[in-house]
Novice: 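Please see the structure below; I have some questions.
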Amino acid sequence: MITSMRIDVAGHCDASILRDLKTISSFGRIMIKKGWIEKLPRADDRKELS
């Protein structure tokens, strides 16, 4: 993801990106739980929704 010649800088950036992705994922679950956004329909329940 990062094109740095230094291994320590690239490792730090990779770790930071992974932490951000985990945070975004957990924030999305919280928003669904609170009812602020709707959960996307799964493929197996699409017939019930249509």
Novice: Who clusters with Phe27? Use side-chain heavy atoms, under 4.5 angstrom, across I, L, V, M, F, W and Y, and order the result by chain and number.
Specialist: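 Grouped by the 4.5 Å side-chain rule, Met31, Ile32, Trp36, Ile37 form the rest of the cluster around Phe27.
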Novice: Would you tell me whether Thr23 and Arg19 have side-chain atoms, one donor and one acceptor, within less than 3.5 Å of each other?
Specialist: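 Absent: no donor and acceptor within the cut-off.
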Novice: Mind checking side chain to side chain contact (heavy atoms under 4.5 Å, CB included) for Lys22 and listing every partner two or more places apart, or none if nothing turns up?
Specialist: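 Scan of Lys22 (side chain to side chain contact (heavy atoms under 4.5 Å, CB included), adjacent residues dropped) gives none.
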Novice: Enter the distance from Ser16:OG to Leu21:CG here, rounded to the nearest 0.5 Å.
Specialist: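 So the OG of Ser16 and the CG of Leu21 are separated by 9.5 Å.
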Novice: What pairs with Asp20 under salt bridge (charged side-chain N to carboxylate O under 4.0 Å, His left out), at least two apart in sequence or on another chain?
Specialist: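 Not a single residue meets the salt bridge (charged side-chain N to carboxylate O under 4.0 Å, His left out) criterion with Asp20.
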